[in-house]
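Report on the following structure.
Predicted model, so just to flag it, every value in this text is computed and none were measured. These numbers come from the heavy atoms of this one structure, side chains and all, not from hydrogens, waters or symmetry mates.
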Amino acid sequence: MAQPLSQTTIDTVKATVPALSQHGREIVAEMYDRLLADPEIRTLFNQSHQNGDSPQHAALTNAILAYAQNIENLPVMAAAVERIANKHVGLQIEPRHYDHVASALLAAIKAVLKDAATEEVIRAWGEAYWFLANILIGREEQLYQDTAAAEGGWRGWREFRIGRRIQESADVMSFILKPVDGKPVLKHKPGQYLSFDLEVPGAGKLRRNYSISSGPSNEFYRITVKHQNGGLASTWLHEQAVEGTMVNVAAPAGEFFLKSGQEAEVVLLSAGVGLTPMISMLEVLAANNRSATYLHATQNSRHHVLPDIAQSLSRRCVTFFEDPSSEDRAEANFDVEGRITPEWLARNTNTDQADYYICGPKGFMVMAVNGLRAAGVDENRIFYEFFGPAQELDAA
């Protein structure tokens with residue numbers, strides 16, 4: 001068990017809150033510059049998220065500030081710690097990586113705060129950092145061990161082969177992944193994701209997470225990937241990763257998944273490629289004879305993915321097209337024209353009793369989560385997953 005923080009450290013860290021509020025983004029930017037200068041560490045990060053305005057920078061800035069503000073009441077950060085630990089396990093973060101982060105963080109604080117970053121401040125932040133780091137390291141080791149010990153589980157990277165490629169829409173493709181060793185794979189919790197260690201010609205090593213879009217199986221996983229404009233990993237998968245291509249995959253991870261053993265009404269709410277974890281959830285709900293309402297928003301039929309599966313598995317499926325074509329209107333292959341709104345959710349779903357699972361782009365998430373909160377839905381019945389770095393919805 002980690003030694004408790006000294007009162008001197010607590011007082012010193014809390015005293016830095018005003019400076020962190022003012023200069024937090026600068027400190028984080030400086031920290032990332034130092035981290036990304038190390039080739040080993042650089043591969044752990046999605047480079048498209050590395051700019052001063054990125055969600056990842058904002059998320060880390062908020063996390064550091066929240067830690068300083070709550071250093072006397074760390075239980076309030078338990079959910080954040082669990083989320084971070086799951087992300088780290090997906091990316092195969094090891095204890096040695098924490099040394100790099102400690103050096104970069106403390107050097108960044110000193111570089112940005114200058115004379116205000118006294119020896120006492122640096123010493124206190126060093127103690128505070130390692131206190132939290134050791135909590136994370138312990139939790140991550142537990143997750144690694146539990147996953148490796150489970151039937152079909154493994155630790156580290158395991159080689160999989162792309163067995164099939166399925167063009168789902170104009171810019172979305174599914175990939176069926178089977179283990180090269182032919183042994184069983186871990187049955188994932190519906191909603192979890194896989195992490196990939198990709199070797200992309202011209203770009204080098206890339207780490208990416210993709211939600212599993214199939215129900216739990218001991219034989220294979222399916223991921224469903226949108227071809228992002230300028231996306232190095234998605235472009236490689238769509239254009240070069242042919243059937244038979246080998247990829248390195250970490251075991252399923254993530255704390256966003258369908259809760260088992262509950263009989264509450266379920267509402268699944270997604271937009272765009274945010275449907276991927278929902279399809280996995282729908283398969284499990286259907287297999288257990290649990291009814292579900294599935295609400296999905298997309299642009300039009302060109303971008304609508306896996307509609308037949310969603311229709312067949314859900315008790316009630318409502319599709320929103322923001323920009324339907326004339327053919328869409330003629331064929332009536334959607335239910336509502338326009339976007340999902342908080343008002344529509346309040347009128348058409350059971351906000352008093354349903355559990356809500358939500359996944360999609362940031363703007364959609366802000367609308368849905370905050371809209372449900374405003375409608376009086378209990379916080380404990382709202383579950384959500386962001387693409388990319390997690391952010392505080394209240395800050396949006």
Side-chain angles (χ1 to χ4, degrees), residues 75-80 82-83 86 189-192 211 213 215-216 254-298 304 306-307 309-322 334-387 390-396:
V76 304
M77 297 191 65
E82 185 67 13
R83 181 172 63 246
N86 272 274
K189 297 175 182 177
Q192 289 189 310
S211 295
S213 61
E255 81 289 354
F256 173 71
F257 52 82
L258 186 68
K259 308 309 174 189
S260 61
Q262 298 184 18
E263 296 303 323
E265 180 182 345
V266 173
V267 177
L268 307 180
L269 180 59
S270 65
V273 78
L275 64 84
T276 50
M278 304 307 179
I279 297 300
S280 180
M281 292 183 187
L282 282 171
E283 288 197 26
V284 171
L285 288 165
N288 288 284
N289 295 316
R290 288 184 63 188
S291 63
T293 294
Y294 179 43
L295 312 175
H296 180 65
T298 189
H304 195 19
L306 305 172
I309 293 178
Q311 288 277 2
S312 66
L313 295 175
S314 56
R315 173 180 62 83
R316 175 189 177 208
C317 184
V318 183
T319 303
F320 294 72
F321 279 6
E322 183 177 349
F334 64 99
D335 301 295
V336 181
E337 182 170 347
R339 297 185 175 188
I340 300 175
T341 66
E343 294 75 20
W344 194 97
L345 290 173
R347 288 195 310 268
N348 295 279
T349 63
N350 187 354
T351 55
D352 292 331
Q353 297 181 352
D355 286 346
Y356 292 81
Y357 293 83
I358 312 166
C359 187
K362 178 184 174 183
F364 176 81
M365 299 294 301
V366 170
M367 176 282 299
V369 175
N370 287 339
L372 290 171
R373 288 170 176 167
V377 178
D378 189 293
E379 193 74 34
N380 295 321
R381 292 193 285 110
I382 304 174
F383 308 96
Y384 52 88
E385 175 84 308
F386 278 114
F387 289 137
Q391 300 173 64
E392 287 296 329
L393 291 170
D394 293 333

Verdict with reasoning, Met278 to Cys359, per side-chain contact (heavy atoms from CB on, under 4.5 Å): CA-CA 8 Å; Met278 304 307 179; Cys359 187; 3.8 Å; yes
Steps toward side-chain contact (heavy atoms from CB on, under 4.5 Å) verdict (Leu258, Tyr357): CA-CA 8 Å; Leu258 186 68; Tyr357 293 83; 3.7 Å; yes
Worked check of side-chain contact (heavy atoms from CB on, under 4.5 Å) between Ile358 and Leu372: CA-CA 11 Å; Ile358 312 166; Leu372 290 171; 3.7 Å; yes
Test log, rule side-chain contact (heavy atoms from CB on, under 4.5 Å), inputs Phe364 and Leu269: CA-CA 10 Å; Phe364 176 81; Leu269 180 59; 3.7 Å; yes
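The only member of Thr351, Val377, Ile340 that meets side chain to side chain contact (heavy atoms under 4.5 Å, CB included) when paired with Leu345 is Ile340. Of the candidates Ser280, Ser270, Pro307, Ser270 is the only one forming a side chain to side chain contact (heavy atoms under 4.5 Å, CB included) with Leu275.
One distance of note links OG of Ser314 with CD1 of Ile279; it measures 8.5 Å at 0.5 Å rounding. Rounding to the nearest 0.5 Å places NE2 of His296 at 9.0 Å from CG of Leu306. Atom NZ in Lys189 sits 12.0 Å away from atom CE in Met281 (nearest 0.5 Å). Here the straight-line distance linking atom CD of Gln353 with atom CZ of Arg381 works out to 8.0 Å at 0.5 Å rounding. Remark: Arg83 CZ to Glu255 CD distance equals 6.5 Å, nearest 0.5 Å.
A donor-acceptor distance shorter than 3.5 angstrom exists from the side chain of Asp335 to the backbone of Thr319, with no hydrogens or angles considered. Checked by atom type and distance alone, the side chain of Asp378 pairs as donor or acceptor with a backbone atom of Asn380 at under 3.5 Å. Counting only distance, with no hydrogens or angles, the side chain of Glu82 and the backbone of Ala79 share no donor-acceptor pair below 3.5 Å.
Between Phe334 and His304, the ring centre distance reaches or exceeds 6.0 Å.
Looking at heavy atoms from C-beta onward, Val336 lies out of side-chain contact with Phe321 at the 4.5 angstrom threshold. Looking only at side-chain heavy atoms (C-beta outward), Glu265 and Tyr356 stay at 4.5 Å or farther from each other. Side-chain contact between Tyr294 and Val267 is absent, with no heavy-atom pair separated by less than 4.5 Å. Put simply, the side chain of Thr293 does not reach to within 4.5 Å of the side chain of Asn348, judged on heavy atoms. Between Lys259 and Phe383, some side-chain heavy-atom pair lies under the 4.5 Å cut-off. In this structure, Phe320 and Trp344 have side chains that are in contact, with non-hydrogen atoms separated by less than 4.5 Å. Leu285 places a side-chain heavy atom less than 4.5 Å from the side chain of Leu268. Using a 4.5 Å heavy-atom cutoff, the side chains of Phe256 and Pro277 are in contact.
When every heavy atom of Leu282 is checked against every heavy atom of Ala310, the shortest pair comes out as CD1-CA, 4.1 Å. Minimum interatomic distance between Ala346 and Ala375 (heavy atoms only, all atoms of both residues): CB-CB, 4.3 Å. Nearest approach of Met367 to Thr341, heavy atoms of both residues: SD-C, 4.0 Å. For the pair Asn86 and Gly254, the tightest heavy-atom approach, listed with the atom from each and the gap, is OD1-N, 3.3 Å.
Within 6.0 Å of the CZ atom in Arg316, the count of heavy atoms belonging to other residues, nucleotides or ligands exceeds 12.
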